[in-house]
Amino acid sequence: MLIAIDVLLSALLFVICFFYVVQMESGRVRNLAKEVQNLEGGDLTQAITIEGSDEVTALEESMEGFRLSMVDKLDTIRKLEQNNREMSAEIAHDLRTPLTSMIMYLDFARSGIEGQNPEAEMYLDKARRKSADLKELIEKNFSFTAEGVDDQEDLQIMYAPEAINPPLIGLTSNLESEAFRIHADIRYERNRILVDTVALNRVFNNLLSNMLKYADRSEEVYITCFAKGKFLELKLENRVRDYSADEPESTGFGARILRRQMAKMQGEYDAWEENGRYVTVLRFLKVG
């Protein structure tokens, strides 16, 4: 009888100890799961709790090693970004002074031939405008990299003709000077759009560069503009020239710049090639 009682008590004690250990391990696993969820949410500041010396401990140590590795990699990325920002700011700073001098020399040259050579005056005016655009872009880059200015602060609401006409006229006049023929159908209809003038200039400068590089001068360039849904849509269509053996190298930077600058203005950029024709679409967000 006493032996049976001892066996029963031993079994009961074993069951109690077993459930106690299981409960402890379950608590550790639940705690580890919660800490892993914190990692998934991007919080790398909380260390993983490491206890005991079993399989769960090995898992805890592995997760802590992963956390420390991610912290180290993010710290390296932050340092690289800071170095890039400082280098960009230094380059922008160094470019501002000679560019200002160049603009001044262009103004002197323009005043020196005023009324004597209209064609030379036209090219000096174009060089002056492009230099001013470049200076504005450098100034913006310097402000952003050195001072962390938010690009969204430069967004403004403008009537479409006021915003788009100046860079569009610059684009078409440059194309016409390069023997392109332009067919335009522009219908602004007094829409107001959200723009950043510096971003807009970058967009049209890249469009011009792409067309000079890839478009067929013997075919007309079609430019249309009309309201479509929540956007004012500006579309450019041209025939792609026959490259033969001299196909220009493409890095893809132009498309990325166009997409990023349009997104900055809460607009859209789209482009595709179909049957030898290249279509570029800029969608500006209508406001009001």
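Just so you know, residue 1 is the first one in the sequence shown, and it goes up from there.
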Inset, instruction - Output yes when Arg129 and Asp125 qualify as a salt bridge under the 4.0 Å nitrogen-oxygen rule, no when they do not. - result: no
Legend entry - 4.5 Å side-chain heavy-atom contact, Phe204 and Leu234: yes
Inset, instruction - Provide the full list of side-chain hydrogen bond (donor to acceptor under 3.5 Å, both in side chains) pairs with a residue in residues 275-288, sequence neighbours left out, each pair given once. - result: Glu233-Arg283, Glu237-Arg277, Glu268-Arg283
Inset, instruction - State which residue, out of Ile182, Leu208, Val203, fulfils the side-chain contact (heavy atoms from CB on, under 4.5 Å) condition with Leu171. - result: Leu208
Inset, instruction - Please check if atom CD in Glu273 has more than 12 non-hydrogen atoms from other residues, nucleotides or ligands closer than 6.0 Å. - result: yes
Legend entry - Heavy-atom closest contact (Asn191 atom, Tyr188 atom, distance): ND2-O, 2.7 Å
Legend entry - For Gly170 against Ser173, the heavy-atom pair lying closest together: O-OG, 3.1 Å
Inset, instruction - Check whether any side-chain heavy atom of Leu175 lies under 4.5 Å from a side-chain heavy atom of Leu212, and answer yes or no. - result: yes
Inset, instruction - Could you point out which residue of Leu200, Ile157, Ile164 forms a side-chain contact (heavy atoms from CB on, under 4.5 Å) with Ile193? - result: Ile164
Inset, instruction - State, with a plain yes or no, whether a side-chain heavy atom of Asp242 is found less than 4.5 Å away from one of Asp216. - result: no
Legend entry - Closest contact, heavy atoms only, Leu232 versus Ala160: CD2-CB, 3.5 Å
Legend entry - Lys213 versus Arg241, closest heavy-atom pair with distance: O-NE, 3.0 Å
Inset, instruction - Decide whether Phe180 and Tyr222 are clustered together by the hydrophobic rule: side chain heavy atoms of Ile, Leu, Val, Met, Phe, Trp, Tyr closer than 4.5 Å, transitively. - result: no
Legend entry - Side chain proximity check, Gln156 to Asp196, heavy atoms < 4.5 angstrom: no
Inset, instruction - Specify the closest pair of heavy atoms between Ala163 and Pro166, including all atoms of both residues, with the distance to one decimal. - result: O-CD, 3.8 Å
Legend entry - Transitive ILVMFWY cluster of Met122, excluding itself - 4.5 Å side-chain cut-off: Tyr123
